[in-house]
Amino acid sequence: MNLARHTESIASIISSQQNRPGALLPILHDIQEALGFIPPDSIQQIASALNLSRAEVHGVITFYHHFRTTPPARHTIEICCAEACQSMGAERLVEHAKQRLAGSKHGECEVKPVYCLGLCATSPALMVGEELHARVTPEKFDRLIEQMGIKT
Amino acid sequence: MSIKIFVPGDSAALALGADALAKNILAEAARRNMAVELVRNGSRGMLWLEPLVEVQTARGRVAFGPVSAEDVGALFDANFQNGGKHALNLGLTEELAYLKKQERLTFARVGITDPLSLEDYLAHDGFQGLRKALTMQPAAIVQQVTDSGLRGRGGAAFPTGIKWKTVLNTAAAQKYIVCNADEGDSGTFADRMLMEGDPFVLIEGMTIAALAVGATQGYIYVRSEYPHSITILNEAIAAARKAGYLGPNILNSGNSFELEVRKGAGAYVCGEETSLLESLEGKRGIVRAKPPLPAIAGLFGKPTVINNVISLASVPIILDRGAAFYKDYGMGRSHGTLPFQLAGNIKQGGLIEKAFGVTLRELMYDFGGGSASGRPIKAVQVGGPLGAYLPESQWDTPLDYEAYTALWAVLGHGGIVVHDDSADLAKLARYAMKFCAIESCGKCTPCRIGATRGVEVMDKIIAGQDTEAQVELLRDLCDTMLNGSMCAMGGMTPYPVLSALNHFPRDFVKKIPV
Amino acid sequence: MKGSEVVRMVPDKNGQANEGHSCVKGRFAWGYATHKDRILKPMIRGKITDPWKEVSWDEALDYAAAEFRRIQKKYGRDSIGGIVSSRCTNEEGYLVQKLVRTAFGNNNVDTCARVCHSPTGYGLKQTLGESAGTQTFKSVEHSDVIMVIGANPTDAHPVFASRMKKRLLNGAKLIVIDPRHIDLVRSPHVRADFHLPLKPGTNVAMLSSIAHVIVTEGLLATDFIAQRCEDKAFQQWRDFVALPENSPEAMQEITGVPAELVRGAARLYATGGNAAIYYGLGVTEHAQGSTAVMGIANLAMATGNIGREGVGVNPLRGQNNVQGSCDIGSFPHELPGYRHVSDSTTRHLFEQAWGVEIQPEPGLRIPNMFDAALDGSFMGMYCQGEDIVQSDPNTQHVTAALSAMECIVVQDIFMNETAMYAHVFLPGSSFLEKDGTFTNAERRISRVRKVMPPKAVYADWEVTVLLAQRMGYTMDYAHPSEIMDEIARLTPTFHGVSYEKLDQLGSIQWPCNDEAPLGTPTMHIDHFVRGKGKFIITKYVATDEKVTRKFPLILTTGRILSQYNVGAQTRRTENVQWHQQDILEIHPHDAEERGIRDGGWVGIHSRSGETVLRAKVSERMQPGVVYTTFHFPESGANVITTENSDWATNCPEYKVTAVQVMPVLESSDWQKKYTRFSKVQDDLLKNAGEGTGNKTPDIKIKAVAKSIA
Amino acid sequence: MLEQLNEKDFGTPRRIAEQEVTLEIDGMQVTVAAGTSIMRAAAESGVNVPKLCATDSLEPFGSCRLCLVEIEGRKGYPASCTTQVERGMKVRTQTPKLQALRKGVMELYISDHPLDCLTCAANGNCELQDMAGVTGLREVRYGYEGENHIHSQKDESNPYFTYDPSKCIVCNRCVRACEETQGTYALTISGRGFESRVSPGQDQPFMDSECVSCGACVQACPTATLQEKTVIELGQAEHSVVTTCAY
């Protein structure tokens with residue numbers, strides 16, 4: 001996605017949101033949903049639209065772990081590592097996932113921890129995009145990888 | 001005459017293949033040219049049975065679970081649509097002990113109604129509370145909530161009535177109602193289940209709050225890890241607004257209340273009320289100094305009611321059935337019910353709404369059926385990642401705010417995470433510090449530096465390096481964090497750490513080859 | 001400090017003007033004081049083509065005095081004069097004007113305030129009765145509405161801009177009237193409620209249309225006016241302003257600002273609560289500068305926004321002691337305290353104190369000096385701490401005049417542009433090397449305290465005393481405090497001022513006398529200094545500087561944060577890292593039309609001359625208007641400004657010059673000539689050492705600036 | 001602490017109000033304007049509560065947690081900078097518990113701070129150094145091999161001052177000065193938790209940010225993190241003179 005198209009789509013997102021009180025987070029969410037990340041050089045555009053400084057917008061982006069300023073891997077798997085899932089083997093699942101994806105191309109699939117998807121009675125759980133998976137056994141994880149077409 | 005089949009749309013069910021199941025049922029019914037009305041209800045809360053399919057029969061709703069997409073053919077063959085015999089047939093849902101022994105007030109409709117059907121909601125006493133509130137003076141509404149004994153269900157357990165009263169008595173051109181749906185505690189999903197199972201009750205509760213304190217704008221701050229809750233809430237809000245229960249002229253009473261969902265962005269600390277307000281204002285989720293209290297100077301500096309999903313969702317029934325009815329449940333100063341969430345290494349995990357006073361043992365064994373692994377239960381963390389670990393000796397204490405405070409434990413948001421004897425409490429104590437280091441907002445020193453040092457001290461203890469001195473240092477650090485921190489993040493991380501240390505000392509001394 | 005060496009400079013928390021804040025210049029850019037360019041030895045030369053010759057102080061002063069006397073004998077008493085700097089102290093300014101009126105025996109003394117706020121002096125004197133701002137800076141904390149017209153505080157008055165922003169952040173409303181989209185219009189957390197982007201040179205039209213709204217929509221503070229203002233003048237003013245020709249609708253095509261914007265701003269100013277007007281050189285440096293100042297005073301009186309905290313008419317002065325240099329009588333027509341030379345009682349007071357006869361007629365203003373030099377009747381000048389070649393408009397005219405003169409004495413810390421035309425160079429002293437006082441825009445007199453001995457033996461006031469003695473007039477002061485005592489004795493508004501009281505109170509805002517022993521924070525509280533406020537009709541007259549086919553754009557000039565005035569000090573500090581050269585800002589539309597690239601070289605022609613600058617394509621501009629700063633001599637910004645000036649005070653019309661801008665490949669002829677000329681002068685300076693072959697002795701001072709570079 | 005050089009810092013800004021409030025601090029009756037912080041009330045009556053993130057030119061922030069006090073009838077240990085005086089309050093600023101807490105906080109600070117006081121540009125004029133003395137810190141039991149910022153890269157892009165993140169205690173005084181005193185908002189804290197650090201613009205050198213180099217942050221900084229290059233070059237000043245700016 002070249003920079004010019006970025007600026008356009010960001011501009012339309014901003015204009016649709018900027019008059020809402022506390023509009024920064026909604027704007028950042030929409031940009032990340034549209035482009036997969038928040039381009040650092042769009043921060044000036046966002047800041048001036050909201051009459052903030054670049055530093056303030058940068059401070060907010062770096063505070064929240066959900067936001068990222070680099071393009072994401074093709075797939076991102078967020079595995080819950082909180083206590084409930086730990087009690088049902090989340091750590092083993094993370095190890096398994098890492099081994100399983102070791103062979104995959106760089107930038108193909110990234111495994112990230114997340115702290116609680118609210119599926120604590122059906123642990124261990126993970127989320128791919130907005131798709132949830134519960135009681136994930138290593139086998140179930142492997143099937144999921146195949147369905148997602150990730151070559152390892 | 002068409003057959004009514006219920007397949008839950010709750011995230012837990014979706015995570016276990018409910019969508020594929022629903023598709024298969026419709027396809028199979030079409031193949032057998034049967035007229036079927038499929039309802040995507042909320043979850044009944046018996047999560048080991050999800051996806052739990054129900055069928056409307058003359059005798060009542062018959063439950064089948066856990067159903068996988070492959071079972072559909074066999075179910076139809078067994079005439080399941082009329083409650084026919086089948087291995088998965090669990091009999092009438094209402095008769096299931098797990099449900100029957102609960103006192104479902106806040107969660108009365110969850111699993112029963114179609115979450116997005118206004119008629120379904122109205123048919124189950126929906127908006128009665130609001131209609132009554134519309135006939136009352138704001139102070140009278142606040143009085144009802146105060147008399148009901150309702151306290152903050154997010155974890156602080158602050159009397160909701162008093163909070164509302166402060167906002168009512170603080171004059172301002174603009175006031176806000178903020179719903180804390182960040183639900184970052186591990187082991188908790190009550191907010192999620194309610195938002196996805198009965199969004200209208202939350203909307204009704206917030207509207208009543210608005211009437212009570214004179215607010216015209218409300219926000220629901222939902223964590224980014226709950227995409228489905230956000231979708232369902234937005235649809236419910238749109239439906240409620242179209243039908244006049246929200247918007248410029250609620251039930252042409254002249255009162256206006258607008259409601260908007262806002263998405264969090266991966267910060268546990270934004271569950272703390274002032275950090276949440278900073279986040280809503282589009283800033284870093286840094287904890288504010290108190291005073292001023294949010295009730296006086298909250299969102300955008302204006303008086304703000306900020307309550308948890310369950311607190312707000314419990315208001316309609318209080319207004320509908322009266323304060324005394326709600327107060328009658330519970331014990332001591334813990335009135336009403338709490339939706340406990342049984343999770344972790346448990347055979348029958350799920351949502352159990354009970355009056356205060358029930359014990360941990362009853363929940364874990366009578367409801368939970370013991371550990372999922374079959375091994376003996378060693379420790380139970382109650383109240384999320386900042387809750388204490390309880391050894392067996394404390395499982396008979398009644399679940400009551402004051403009783404738990406006496407144990408140096410907390411009820412918190414009602415999350416119960418069960419660990420069997422394979423759990424190493426030193427590693428869990430280390431995780432408590434690690435979690436605090438990951439989620440600390442970084443403003444105050446005890447938490448910003450303390451959590452990171454806490455992990456390092458725990459590593460030395462686990463590695464057996466001069467354990468005694470390190471344990472003493474750990475206690476000092478916990479004292480600094482407990483008393484020095486600005487908020488519960490750093491202030492309560494010592495609860496799991498010290499409870500693990502005090503109740504399971506053996507885990508802290510054994511030498512593990514590095 | 002460490003001994004007599006500056007370690008760091010921090011704002012004083014108890015400073016009543018800045019309350020613990022500073023900007024990059026004051027906080028860090030003080031290295032110039034010990035910069036290697038400092039000239040530390042007096043020098044003289046016969047003609048400006050001769051090399052400089054280093055001489056002793058005695059020889060230089062004797063030579064200067066002799067030359068002045070020779071010129072007076074040859075061309076008459078009025079053939080010499082002096083210029084007071086707005087960067088030197090009150091005491092030094094007082095002595096220079098005293099030297100001219102006593103030793104020189106005429107009134108040919110002027111100050112660079114001529115080219116900045118002289119219209120303020122005139123305008124406010126006519127309407128309110130005192131040539132100074134009416135408030136303290138602190139009063140902005142009580143303003144509900146702030147109107148900024150013809151000023152860019154965040155660049156030119158940064159410390160006050162921060163105080164203003166603090167007030168804006170917690171609720172005050174803001175009206176900005178400026179051709180450019182300056183930072184105050186929109187920057188983080190600051191947003192002007194009204195921005196009226198008028199065409200340069202149409203301030204009076206705008207002010208009249210605002211007044212029109214206030215009068216015709218019944219927003220007048222009628223009882224304030226009845227009590228406090230002259231009724232007849234008000235009636236005339238009201239009827240004039242109410243004329244349809246002054247309505248926002250009528251004025252729209254003159255100012256280029258939509259009428260409803262003007263009406264909105266006017267209503268906000270009149271009804272928004274405490275409303276304060278802050279204005280700068282963008283108001284005064286016009287052909288109708290004085291008229292605009294009176295227009296501003298009219299608005300304040302019409303809405304009763306005078307005489308309490310949070311309101312007022314507040315000029316933002318161009319330099320640290322512009323206010324002071326005007327107060328102590330450096331204008332040719334006034335003696336200290338704004339009292340006209342023709343007022344015989346005042347004149348006798350000074351004649352008696354100084355023991356000389358003072359001419360009753362005003363002397364030459366700076367522009368008159370140039371004209372007189374060209375027609376051979378003004379041949380000698382004593383110029384202390386001022387660089388008229390770079391800061392005055394129409395540079396060729398100025399340099400021609402100076403070249404025609406026979407003895408120019410320049411006293412400065414560096415070899416500046418004017419010194420290239422000088423015959424005697426007397427080393428000056430920086431503010432670190434002398435005691436004295438400055439007076440800022442809120443009439444606050446603050447102490448300047450010596451922290452190191454003068455690098456060139458004498459503080460500036462001592463040099464003036466010595467020169468006077470050489471010309472047969474004795475002034476003896478042991479310490480600048482005695483000079484201030486003399487000013488206090490002779491000037492009613494300064495009666496109560498003394499160094500002792502200044503040390504006690506920290507600072508004093510004049511008038512300070514028996515009625516106001518501790519000074520006067522807010523003026524015109526119960527009555528105006530002139531008794532009743534006087535409304536004055538401000539008829540809009542378009543400037544002669546018209547855009548033509550040949551010169552279709554309007555050039556306006558201004559300041560940038562990191563550089564100061566002619567940049568003599570700041571160009572010799574690390575501030576150059578922010579602003580290396582003067583840049584021409586141009587609207588994208590105008591640039592595109594002319595094939596101008598961002599960063600490319602452009603030639604700017606006006607009917608006065610031509611110069612070449614790098615271009616910056618900027619959305620801040622409005623189509624048809626270009627902008628530059630004048631901090632660097634080689635930019636020759638003033639080569640293209642014209643001789644137009646304010647009708648009442650000759651304050652040059654820097655802000656409106658019709659120009660054409662075209663991409664070019666090489667610098668302008670003027671710049672080539674300038675480069676050659678300054679090269680020659682540098683060489684003449686290089687071998688100034690009496691046979692020692694090298695430049696001024698390189699004193700081993702731990703020059704802090706050097707260690708940073 | 002070069003007392004005579006730096007005037008007394010009362011910790012929170014002066015408040016102006018009609019009514020006055022009288023309270024007891026360490027047994028002394030103190031009367032101050034309503035809205036004044038306990039910290040300032042104590043400072044005005046000669047009791048200097050330890051502080052690091054508080055300075056009287058900026059609104060209180062309450063992050064360092066050194067200024068905790070005990071108030072009769074109020075549980076916990078409220079910060080005296082963010083807690084305002086109330087009629088009849090009984091405040092204790094020094095108790096064994098407070099001493100332990102302050103030492104605990106200081107031990108954490110110094111566990112992530114270079115131990116180069118003697119060669120540090122702020123030597124003799126550093127509030128962290130003073131507070132370490134006041135709180136009686138004698139040992140840092142965490143050791144120094146844990147996570148730390150001691151090797152952070154210096155930013156010397158601004159010609160007049162240096163930003164050395166290794167000495168930053170994240171007290172936010174610079175960020176607050178850029179907002180409250182100057183109004184440019186060029187600084188923020190980037191990241192959260194342990195790696196929170198001051199960030200001009202988007203984690204850029206000062207010269208590439210919107211910083212107008214007014215020096216308010218350098219003056220507000222309690223340590224050598226933001227330090228004038230002239231002080232680094234020449235060492236601390238030994239006397240000061242009040243004069244008026246020549247610009």
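Chain A is the first sequence line, chain B the second, and so forth, proteins listed ahead of strands; every chain is numbered from 1.
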* A/Arg20 versus B/Val261, closest heavy-atom pair with distance -> NH2-O, 4.2 Å

* chain A contact via B/Val418 - which portion, at a heavy-atom distance below 4.5 Å -> backbone

* **Portion of A/Val60 that has a non-hydrogen atom of chain B nearer than 4.5 angstrom** => both

* Straight-line distance of B/Lys263 NZ to A/Leu28 CG, nearest 0.5 Å -> 11.5 Å

* Structure fact -> Under 4.5 Å to a heavy atom of chain A? For B/Ile438 that would be both

* Note, A/Pro21 side chain near B/Tyr219 side chain (heavy atom, < 4.5 Å) -> yes

* A/Thr122, A/Leu126, A/Leu117: which one forms the most heavy-atom pairs within less than 4.5 Å of chain B? -> A/Leu117

* **Residue, of B/Gly349, B/Ala12, B/Ser373, B/Ser186, that accumulates the most heavy atom pairs under 4.5 Å with chain A** => B/Ser186

* Asked: Once you round to the nearest 0.5 Å, how far does CD of B/Gln381 lie from CD of A/Gln86?
  -> 9.5 Å

* Side-chain donor-acceptor contact under 3.5 Å, B/Ser224 with A/Tyr64 -> no

* **Listed partners of B/Ser422 passing side-chain hydrogen bond (donor to acceptor under 3.5 Å, both in side chains), at least two apart** => B/Asp420

* Asked: Contact part of B/Tyr226 toward chain A, heavy-atom cut-off under 4.5 Å: side chain, backbone, both or neither?
  -> side chain

* Contact part of B/Cys270 toward chain A, heavy-atom cut-off under 4.5 Å: side chain, backbone, both or neither? -> side chain

* Starting at CH2 of B/Trp48, measure out to CZ of A/Arg135 and round the result to the nearest 0.5 Å. => 10.5 Å

* Asked: Between the main-chain N or O of A/Glu130 and the side-chain N or O of B/His228, is there a donor-acceptor pair closer than 3.5 Å?
  -> yes

* Asked: If you measure from CG on B/Leu47 to OG on A/Ser123, what distance do you get to the nearest 0.5 Å?
  -> 10.0 Å

* Asked: How long is the span from the CD atom in A/Glu56 to the NZ atom in B/Lys283, to the nearest 0.5 Å?
  -> 9.0 Å

* Partner of A/Cys116 under side-chain contact (heavy atoms from CB on, under 4.5 Å), chosen from B/Arg223, B/Arg192, B/Glu225 -> B/Arg223

* Among A/Ala134, A/Pro124, A/Cys120, residue most engaged with chain B (heavy-atom pairs, under 4.5 Å) -> A/Cys120

* Asked: What residue in B/Pro227, B/Ala265, B/Gly344, B/Gly266 has the most heavy-atom pairs under 4.5 Å with chain A?
  -> B/Ala265

* Go through the atoms of B/Lys427 and report whether side chain, backbone, both or neither lie under 4.5 Å from a heavy atom of chain A. => side chain

* Structure fact -> chain A shares the most heavy-atom pairs under 4.5 Å, among B/Ala372, B/Gly184, B/Ser279, with B/Ser279

* Asked: So which part of A/Cys80 gets closer than 4.5 Å to some heavy atom of chain B, the side chain, the backbone, both or neither?
  -> neither

* Asked: Quick one: what part of B/Glu260 sits under 4.5 Å from any heavy atom of chain A, side chain, backbone, both or neither?
  -> side chain

* To do: Give a yes or no on whether A/Arg92 atom CZ has more than 12 heavy-atom contacts from other residues, nucleotides or ligands under 6.0 Å away.
  => no

* **Aromatic ring proximity, centroids under 6.0 angstrom, A/Tyr115 and B/Phe435** => yes

* Among the listed options B/Ala432, B/Gly285, B/Gly442, the residue most often paired with chain A at heavy-atom distances under 4.5 Å -> B/Gly285

* Structure fact -> Interatomic distance, OH@B/Tyr389 vs CD@A/Glu83, rounded to 0.5 Å, equals 4.5 Å

* Between A/His29 and B/Gly264, is there a donor-acceptor pair closer than 3.5 Å when you use the side chain of the first and the backbone of the second? -> yes

* Could you tell me which non-hydrogen atom of B/Gly350 sits nearest to which non-hydrogen atom of A/Ala121, and how far apart they are? => N-CB, 4.0 Å

* To do: Could you look at B/Ser11 and say if it's the side chain, the backbone, both or neither that has a heavy atom under 4.5 Å from chain A?
  => both

* Region of B/Ala423 that comes under 4.5 Å of a non-hydrogen atom in chain A -> neither

* Interface moiety of B/Glu50 toward chain A, non-hydrogen atoms closer than 4.5 Å -> backbone

* **A/Gly22 backbone acceptor or donor facing B/Arg262 side chain under 3.5 Å** => yes

* Using a cut-off of under 4.5 Å on heavy-atom pairs, state which of B/Asp185, B/Asp191, B/Val417 scores highest against chain A. => B/Val417

* Shortest non-hydrogen contact from A/Leu24 toward B/Gly282 -> CD2-O, 3.4 Å

